[in-house]
There are 2 protein chains.
Amino acid sequence: MGTTGKRPILRDIAARVGVSETAASFALNGRPGISDETRRRVLEVVEEMGWRPSYAARVLSGARSRTIGMVLTRTAATADSDLFFMRLMTGMQSVLRRAQYGLLIQVAETPEEEVEVYRTWQAERRVDGVVLVDLRADDPRPRAVVDLDLPAVLAGGPDPDALVPSVSIDDTAAMTLVLDHVRELGHRRVAYVCGPQDLLHVQRRVEAFDEAVRHHRLQQGSVLGTDFTSRSAAAATRAVLDDPAPPTAIICDNEVLAVSVVATLRALGRSIPGDVAVISCEDTPVCTAMQPALTALHRDTPGFGADVAAHLLGRLDGEAPADSQEQTPELVVRGSTVPAPA
Amino acid sequence: MGTTGKRPILRDIAARVGVSETAASFALNGRPGISDETRRRVLEVVEEMGWRPSYAARVLSGARSRTIGMVLTRTAATADSDLFFMRLMTGMQSVLRRAQYGLLIQVAETPEEEVEVYRTWQAERRVDGVVLVDLRADDPRPRAVVDLDLPAVLAGGPDPDALVPSVSIDDTAAMTLVLDHVRELGHRRVAYVCGPQDLLHVQRRVEAFDEAVRHHRLQQGSVLGTDFTSRSAAAATRAVLDDPAPPTAIICDNEVLAVSVVATLRALGRSIPGDVAVISCEDTPVCTAMQPALTALHRDTPGFGADVAAHLLGRLDGEAPADSQEQTPELVVRGSTVPAPA
DNA sequence: CTGAAAGCGCTTACAG
DNA sequence: CTGAAAGCGCTTACAG
């Protein structure tokens, strides 16, 4: 038993004020033709009776659902991508909240299941738009949302087929930043421990890495694929250190990989950064807590989420689809590449 | 322009089949009084025309919203709690998805703002129930959801006022597990680096720790509060090691604190586990990637989320409110407390 | 400036 | 076994 009696409806408000339901509705929605006095009284009674519009009724009579959907397809889930999602969501919320939008979350197991969720959401008119993440090669999702007429924005693009507008991070520039730092320190043999290459953002980074290696004629530039697990990163590290000319710097796609690489190097008797420098392409609290702290690419993921949400809301308000670009992440140099002055 | 024409409504289905809208509705909702043949034809045409019920229309005519709400209040946000939330959400989804429920997420900045979100959700009939997390001392939320008549379940309880049923982890048993392990290894001086003590689950662990220290007459049992940041954990570690009889084992509330404690110990020239053993009360990929790997309390957070969701759905189906208890986390012993045999 | 009426797309008593 | 009608709680042309 709550303290609330029966929930008031608009009719109750109108009756209490002594006007028609139409008048009350107009007053609330700021439409013309209502005297200031009436408007004031309506708002007063609404406040007094604690009325709030029924969401379903509003949507049924044509209003937007004021909900954005996001599906997380948990293939290769990692702690690191979990962090990324949380930050993305938090950032999106900062914008959505102001616009009175909610965020509907669904977890799927395959891209096909994810597409099915979009189909349902659109058919039910349950969301106004969706945010796509982790695009892969030959991903069915952009085509699907276009066919469904479901407004969408890609968080981390671009979409190679240009079907869905995106908010992108310049992966090439980010990788260049890392390699410039490494080269300036004099390293000529560099390895890159990356994630699964069917992820387009991994692909872009690998291409940028390869390109830089060629351009600067580095002596070594191995790309070591992993499935984002510590185990695979450890195996990759052991393998590459067997090389007669092993790398003196190792770039890691994220923090979990970096922590594993560091541990493996130590187990093999290598010191950091003395023997091998290590860089993480993702900055998390663990990077600063380690000893030495990890040099890392730092990006403002909540800010990224905010931009993604703003972009999508803009589209819903009729803005033309357009790709936008985030600021390049910044490189935070720490002890894993440059020893602290004694 | 999608490939879809106009979205069909139930009337179109009924017309196509040649029955009344009522008949079509009854057929779809498995109500009696419809011939098998009619039912079959309705389902056939629904499939053929790709009809799905309008969410808003259904809710407006009395159906449940089939949505569960969860508000994250980001006071003292840490990477670790982000991981926890993601896993909780993922686990909840595994149950919600099967029940055709969605999860609506909102981020708030204060408990008061969180309560306001509940008020709005309930007034709009936007969710059927909510999941509460991170209860604090004198938390306004249990009272609020009760007053709002909003079904709720507390993830990680119990609620001291018993207003809201909970799914709990036995924090006392978990802490006992850790201390038993540490005592078996012969440690008599133990410190506990914990989170903010206004969090009830932290409070419960601290009490269990204190109790065990008294009961087993340990020589030292310092509780070191932190705000969950690496910085505060480092400071706490330095401080306690200045003690004339410093701890030989340090228990940490989570992985971020543990990583920081390990780094600080190393910086002070202490070896792990030789000089000091370290335990994390939260197991994440970083715990296994470190060298030595961290002994940690491992719990099945997705499973916990699944139980929480099932509990809430049960309440919505009329089950009596009841507290339930999760399995005690298990202790995974690794190199940070016991050196690997050479 | 305001009111009576229809409509959004379902569900569900109530008659037949 | 089936149909006509009312209702959920809003919004919005359309008359006055």
Side-chain angles (χ1 to χ4, degrees), chain A residues 4-43 45-46 49-67 100 120-126 128, chain B residues 4-43 45-46 49-67 100 120-126 128:
Chain A
T4 49
K6 208 160 67 312
R7 189 166 80 94
I9 62 177
L10 190 55
R11 190 182 308 141
D12 302 326
I13 304 295
R16 178 76 146 264
V17 177
V19 295
S20 68
E21 234 182 299
T22 309
S25 175
F26 273 44
L28 285 164
N29 294 306
R31 299 186 46 145
I34 304 292
S35 71
D36 284 356
E37 170 58 13
T38 303
R39 195 181 302 276
R40 201 188 53 67
R41 290 244 38 224
V42 169
L43 294 178
V45 172
V46 160
M49 302 184 72
W51 175 88
R52 313 241 184 157
S54 149
Y55 174 70
R58 215 170 212 181
V59 172
L60 187 56
S61 35
R64 290 185 188 167
S65 66
R66 294 211 326 274
T67 304
Q100 308 258 61
T120 304
W121 278 351
Q122 177 69 329
E124 292 184 329
R125 294 280 184 265
R126 196 154 182 195
D128 294 337
Chain B
T4 49
K6 208 159 64 330
R7 190 165 79 95
I9 63 177
L10 190 55
R11 190 182 308 142
D12 301 326
I13 305 294
R16 178 78 145 261
V17 177
V19 296
S20 70
E21 235 182 299
T22 307
S25 176
F26 273 42
L28 286 164
N29 294 308
R31 299 186 46 145
I34 302 292
S35 71
D36 284 356
E37 169 59 11
T38 303
R39 197 181 300 277
R40 200 187 54 67
R41 289 244 38 224
V42 168
L43 294 178
V45 171
V46 159
M49 301 184 73
W51 176 87
R52 314 240 185 156
S54 151
Y55 174 72
R58 215 171 211 180
V59 172
L60 186 56
S61 35
R64 291 185 186 167
S65 68
R66 295 214 323 278
T67 305
Q100 307 258 61
T120 304
W121 279 349
Q122 177 69 329
E124 292 184 328
R125 295 279 186 263
R126 196 155 183 194
D128 294 337

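Just so we're clear, the structure is a prediction, and the values are computed from it rather than from any experiment. Just so we're on the same page: letters track the sequence lines, and every chain starts at 1.
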Report summary line: DNA chain D in dot-bracket form (Watson-Crick or G-U pairs under 3.5 Å, [ ] crossing, | inter-strand) is |||.||||||||.|||
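For the segment residues 32-42 of chain A, the set of residues with a heavy atom within less than 4.0 Å of an atom of DNA chain C comprises A/Gly33, A/Ile34, A/Ser35, A/Thr38, in numerical order.
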Query raised in the report: Going 5' to 3' along nucleotides 3-10 of chain C, which nucleotides have protein heavy atoms under 4.0 Å from the base (write B), which only from the sugar-phosphate (write S), and which from neither (write -)?
Result: BBB-BBBB
Requested in this report: Begin from the C-alpha positions of A/Ser35 and A/Thr38 and carry the test side chain to side chain donor-acceptor pair (under 3.5 Å) through to its verdict.
Outcome: CA-CA 5 Å; A/Ser35 71; A/Thr38 303; 2.7 Å; yes
Can I get a per-line list of side-chain donor-acceptor pairs under 3.5 Å for residues 49-57 of chain B, giving both atom names and the distance, sequence neighbours left out?
residue: B/Arg52; atom: NH1; partner: A/Thr120; partner atom: OG1; Å: 2.6
residue: B/Arg52; atom: NH2; partner: A/Glu116; partner atom: OE2; Å: 3.1
residue: B/Ser54; atom: OG; partner: B/Ala56; partner atom: N; Å: 3.4
residue: B/Ser54; atom: OG; partner: B/Ala57; partner atom: N; Å: 3.1
residue: B/Tyr55; atom: OH; partner: A/Arg126; partner atom: NH2; Å: 3.4
residue: B/Tyr55; atom: OH; partner: B/Ser65; partner atom: O; Å: 2.6
residue: B/Tyr55; atom: OH; partner: B/Thr67; partner atom: OG1; Å: 3.3

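Of all heavy-atom pairs spanning B/Leu28 and B/Leu43, the tightest one is CD2-CD2, 3.8 Å. Nearest approach of A/Arg66 to A/Asp128, heavy atoms of both residues: N-OD2, 2.9 Å. Summarising the geometry of A/Val42 relative to A/Val17, their closest heavy-atom pair is CA-CG2, 4.0 Å, with the distance given to 0.1 Å. Residues B/Val59 and B/Arg64 share a closest heavy-atom pair of CG2-O, 3.7 Å. The shortest heavy-atom contact between B/Ala24 and B/Ala14 is CB-CB, 4.2 Å.
Between B/Glu124 and A/Arg7 no salt bridge is recorded (no basic side-chain N to carboxylate O distance below 4.0 Å).
Listed by chain and residue number, nothing satisfies the salt bridge (charged side-chain N to carboxylate O under 4.0 Å, His left out) test with B/Arg58 (two or more places apart in sequence, or in another chain). For B/Arg31, there are no side-chain hydrogen bond (donor to acceptor under 3.5 Å, both in side chains) partners two or more places apart in sequence or in a different chain.
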